[in-house]
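Structure first, commentary second.
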There are 2 protein chains.
Amino acid sequence: MSLKHAILVLLETEPSSGYDLVKHFKRSLGYFWNAKHQQVYQQLKKLTEAQWVTFQAHSQSDKPDKKIYEITQRGKEELSKWIKQPVKTNRINDSLLVKLYGGHLAPRKNLMQELENHTEIHQSTLENLERIEQLYLSLNEEKKAHYLLPYMTLRRGIIGERAWLEWAEEVKNTLQRQSPDIKKAD
Amino acid sequence: MSLKHAILVLLETEPSSGYDLVKHFKRSLGYFWNAKHQQVYQQLKKLTEAQWVTFQAHSQSDKPDKKIYEITQRGKEELSKWIKQPVKTNRINDSLLVKLYGGHLAPRKNLMQELENHTEIHQSTLENLERIEQLYLSLNEEKKAHYLLPYMTLRRGIIGERAWLEWAEEVKNTLQRQSPDIKKAD
DNA sequence: TATTTTTATGCAACTTTTTGCATATTAGAG
DNA sequence: CTCTAATATGCAAAAAGTTGCATAAAAATA
């Protein structure tokens, strides 16, 4: 849907190779948009066919050859059209919550372990985001203004992760207090 | 992936028609698992073929006929196997954040309006969840214990929505203070 | 020196999700 | 009396996303 547009947003900032884009999806953008490398390459192919982007092959002697993609005029028009239109609220599909909802079918220990594992992941994501925030906050006023909007998305990450961890603590405490098994709903 | 399992979790609690399941996905489960009606019917077909569920046709005189699905022994085994395995962290694909990230391409007013619209949606979702929480809290101790795990997923919704709204306020305040246009990153 | 990681791209097959269409009845609102 | 909403299910096609495989060279680690 808007993986196309996410790619265009990145290319509008800076011409990049597919590999660069994948790295971006793993880092900055990755908190709110996920894409695997195959998907990025597939979409770049389609975007090229639609003439929203073009590329130039760069042969490198020390590393494998790469294709540097850049956004075209047509791509810019499409992006600017997209960005002015209302976006849909995003769909949430969270398996962990499905598992918890049906948690009476799993050993209590298993649930606790699962929560612990996810807590570690969220904890380290949060630390990462906070590290990036510190970098942002140390910039001069001009640069801070420059990166304000990406910073706002970073804030979403930080606030979201803190909320997640707060919730997980609540659940772990509740489950620990509630030792007897809970029967399933009928 | 686990739409199949989400359906099984619901059917394990109570035999239901496809239509009932869709309603469930719009209400209780809907906060953390979304599925359109076509998808539910498609998956029910596949689940039937895999013999994880069976159904009985019920002809109704006043309303259209319906098929009541229930989980089979095989389905229960599969579900219990799935629920003991670790789940992946869920992927987040949030177009609103992509739009904000590339927000220098949109009129500032447009961004503010978009944030307002989403705020209204999240606000009413939160109110809804809080209403359900009140119902839960008014139950007797036995029933509260009974519905503890689904309640934990409700808490995720409440904490998550509050965090979203908190973030949106922060962004709206920041954007209002920051009146001059922000140039794109390079 | 051997192994692993990083850089760099892609095809093919499959599964999942979305979009658009289609049908049919009853209840309620205007 | 007409239109809309709710009940109830589904097909077909397209788009999006996942999984598995494949190649190839340099750089870093053991």
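Note that the structure is predicted; figures quoted are calculated from it, not measured.
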What integer distance in Å separates [X]:[atom1] from [N]:[atom2]?
X	N	atom1	atom2	answer
A:F25	D:dA16	CZ	P	14 Å
A:H5	D:dA15	NE2	C1'	14 Å
A:D20	C:dT7	CG	C1'	10 Å
A:Q38	C:dC11	CD	C1'	10 Å
B:K36	C:dG20	NZ	C1'	11 Å
A:N90	C:dT17	CG	C1'	15 Å
A:Q42	C:dT9	CD	C1'	12 Å
A:H37	D:dC21	NE2	P	14 Å

Please tell me if [X] has a side-chain N or O lying less than 4.0 Å from either OP1 or OP2 of [N].
X	N	answer
A:Q39	D:dT18	yes
A:K4	D:dA16	yes
B:K66	D:dT7	no
A:K88	C:dT19	yes
A:Y19	C:dT9	no
B:K45	D:dC11	yes

Query raised in the report: Which comes earlier along DNA chain D counting from the 5' end, the contact point of B:S17 or that of A:N34, where each point is its nearest nucleotide?
Result: B:S17

Query raised in the report: B:I68 or B:N93: which one's nearest nucleotide on DNA chain D is closer to the 5' end?
Result: B:I68

Report task. Answer yes or no: side-chain N or O of B:Q43 and base N or O of C:dT15 forming a donor-acceptor pair under 3.5 Å. Result -> no

Salt bridge present between [X] and [Y] (N-O < 4.0 angstrom):
X	Y	answer
A:K4	A:E78	no
B:E133	B:R155	yes
B:E170	A:R156	no
A:K46	A:E49	no

**Report entry** Crowding at CZ, B:R91 (>12 non-hydrogen neighbours, <6.0 Å)
**Finding:** yes

